[in-house]
Amino acid sequence: MSDVEVIPRYPLFINGETCEPLSGEYAPVINPANGQLVAHVAMGNSDDVDFAVASAQAAFDDPAWRKMAPEERSKLLYKLANLILANAQELAMLEISSSGGTISRIMGLDIPAIADLFMVLAEEVKTYAFVENLPARPLPEPCHTQVWKEPVGVCGLITAWNFPLLLFAMKVAPALAMGNTVVVKPAETTPTSTLRLAEIFAAALPKGVLNVVVGEGPVVGEAMSLHPHIDKISFTGSSNIGRKVQENAALTMKRVSLELGGKGPAIVMPDADIDLLAYGALFGVFLNAGQACESGTRLLVPDSIYDAVLDKLVEVAGNVVVGDPMREGTSYGPMASETHFKSVLDYIASAEAEGARVACGGRQAKVDGFAGGFFIEPTILADVTNTMTVACEEIFGPVLSVIRYTDLDDAIRQANDNAYGLSAGIWTDDLVQAQHIAHRLKAGSVWINDWHMMRTDAPFGGCKQSGYGREFGRYSFEAYVETKTVSTAFQRDPSKKALFRMVHSKFV
Ligand code: NAD
């Protein structure tokens with residue numbers, strides 16, 4: 001039997017149905033836990049993007065979609081949430097087999113959060129101020145002004161491979177809630193769950209509202225960011241590509257939001273509970289094998305307790321289980337691809353070359369029964385300085401850099417002395433001082449005595465080179481609306497309209 005007969009094929013999803021890519025080309029999807037082929041996925045090109053955009057444009061032009069009442073849209077979002085829950089098992093399996101995320105994380109965290117996000121927005125959309133009445137104001141005669149929020153149009157949504165379904169939901173849910181239509185481009189290495197969810201959603205959505213075009217970033221992603229009929233791009237990925245997307249989008253003056261990388265600093269205060277911070281800091285960096293933009297990767301520790309904290313971190317890291325993502329109890333699985341696996345090991349080698357010390361881990365992790373898997377040991381780097389490559393750049397792996405500081409000003413200076421500004425944290429028992437420190441940290445989110453404290457109803461996003469715009473909750477709506485000001489004058493007699501006199505001297 002040939003591969004083609006046994007390995008599932010995933011075509012594109014355009015205009016409410018699966019469709020073959022115009023190039024006829026398919027690419028392999030590899031399970032990073034064992035290196036095996038799990039699917040063939042269609043590779044779209046710019047012509048497929050044109051077709052998807054035309055379908056999305058036609059769907060947007062239908063007033064039944066664009067002008068749907070908020071109560072109806074709310075019901076629709078609830079329906080989509082229920083479809084996610086009803087198909088959770090299948091979606092989770094697709095996500096695990098392409099991204100290497102663990103079953104406990106995907107079933108316990110991602111799927112409930114994704115469904116919850118649709119439900120949160122289903123409630124928020126009912127009370128969102130689509131129409132705001134401004135107080136009457138004479139200009140100089142009385143006029144009435146309303147501020148309307150309208151959908152932007154066709155939105156291009158480009159996502160990364162680390163949390164494929166979650167990143168999809170963070171963009172699709174608010175875009176649809178505001179009445180836009182979308183063309184989604186998932187990462188080409190992890191497209192299967194996105195394609196399947198689009199197909200599942202088709203039971204509830206009009207044709208053309210949600211389209212998915214898989215393909216290489218420089219082909220499909222670039223065609224989207226340059227496309228004259230895509231009105232907005234929301235991008236999640238690396239800062240380098242984010243910059244390129246922004247440059248391309250500028251040519252047609254598209255609206256852009258960017259969710260980019262991070263290099264989360266966590267400040268350990270001298271009074272911190274060492275047990276809590278050790279478990280917490282490692283949760284912050286080992287969740288999803290460190291392949292999370294908001295990971296806490298720089299732990300800033302005062303000289304006075306540096307050795308004690310390091311010893312505790314190494315002890316706790318010894319209990320972290322690297323292995324089969326399908327097994328409950330696995331802490332984290334493989335790196336999502338071989339290329340990425342090699343890049344993480346290169347970063348660890350660079351740290352040693354620059355004078356850091358590997359306190360634990362640092363190598364490929366051997367996992368019984370998964371000889372072809374791209375696993376990396378839980379790694380803690382000691383004696384890292386804030387200027388070393390591993391402290392400046394996003395590694396995106398299970399690697400914690402432990403950095404010394406002398407006093408609080410030094411800690412805050414080092415925390416902020418980085419190109420990124422996504423997440424930051426503080427470990428302390430002094431919650432009043434923690435609030436003061438939070439004011440001084442340049443980050444979109446600050447977490448006190450925990451990590452990954454993302455809520456589907458609280459804004460999430462970055463500053464500096466972590467991008468701009470906010471996702472989650474009602475805050476995410478602003479990225480998917482245009483503001484229109486509609487003013488009405490009531491004076492019907494032209495001679496009585498004071499400002500007319502400036503042009504029409506007969507009324508003076
Ligand atoms: P990436 O930038 O390489 O790719 C992201 C997406 O962009 C993919 O779909 C890719 O195909 C596409 N792309 C590539 N070249 C393109 C181009 N020229 N034009 C348009 N699109 C193009 O990032 P990645 O390696 O897939 O993901 C990891 C990065 O994503 C990390 O930096 C991580 O921090 C970031 N990330 C950020 C968040 C957040 O919310 N801030 C969340 C998850 C991941």
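Counting starts at 1 for both ligands and their atoms, in listed order.
Rounding to the nearest 0.5 angstrom, the gap separating the CD atom in E124 from the CZ atom in R474 is 5.5 Å.
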Enumerate the pairs of nitrogen or oxygen atoms, one from ligand 1 and one from the protein, separated by less than 3.5 angstrom; state names and distance to 0.1 Å.
unit_1: ligand 1; atom_1: 2 (O); unit_2: S238; atom_2: N; d: 2.8
unit_1: ligand 1; atom_1: 2 (O); unit_2: S238; atom_2: OG; d: 2.6
unit_1: ligand 1; atom_1: 9 (O); unit_2: T159; atom_2: O; d: 2.7
unit_1: ligand 1; atom_1: 9 (O); unit_2: K185; atom_2: NZ; d: 3.2
unit_1: ligand 1; atom_1: 11 (O); unit_2: K185; atom_2: NZ; d: 3.0
unit_1: ligand 1; atom_1: 11 (O); unit_2: E188; atom_2: OE1; d: 2.8
unit_1: ligand 1; atom_1: 18 (N); unit_2: E222; atom_2: OE1; d: 3.2
unit_1: ligand 1; atom_1: 23 (O); unit_2: S238; atom_2: N; d: 3.4
unit_1: ligand 1; atom_1: 25 (O); unit_2: W161; atom_2: NE1; d: 3.0
unit_1: ligand 1; atom_1: 26 (O); unit_2: W161; atom_2: NE1; d: 3.0
unit_1: ligand 1; atom_1: 30 (O); unit_2: G237; atom_2: O; d: 3.3
unit_1: ligand 1; atom_1: 32 (O); unit_2: E394; atom_2: OE1; d: 2.5
unit_1: ligand 1; atom_1: 34 (O); unit_2: E394; atom_2: OE1; d: 3.3
unit_1: ligand 1; atom_1: 34 (O); unit_2: E394; atom_2: OE2; d: 2.5
unit_1: ligand 1; atom_1: 41 (N); unit_2: L260; atom_2: N; d: 3.3
unit_1: ligand 1; atom_1: 41 (N); unit_2: L260; atom_2: O; d: 2.7

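When each of V285, L277, I267 is tested with L299 by the rule side-chain contact (heavy atoms from CB on, under 4.5 Å), just one qualifies, namely L277. Only one option out of Y475, F477, Y480 pairs with Y128 in a ring pair (Phe, Tyr, Trp, His ring centres under 6.0 Å); it is F477.
Counting only distance, with no hydrogens or angles, the side chain of N87 and the backbone of I84 share no donor-acceptor pair below 3.5 Å.
Note: F201 and F118 meet the aromatic proximity criterion, with ring centroids under 6.0 Å apart.
Residues E338 and K342 are paired through a salt bridge, judged by an N-O separation under 4.0 Å between the basic side chain and the carboxylate.
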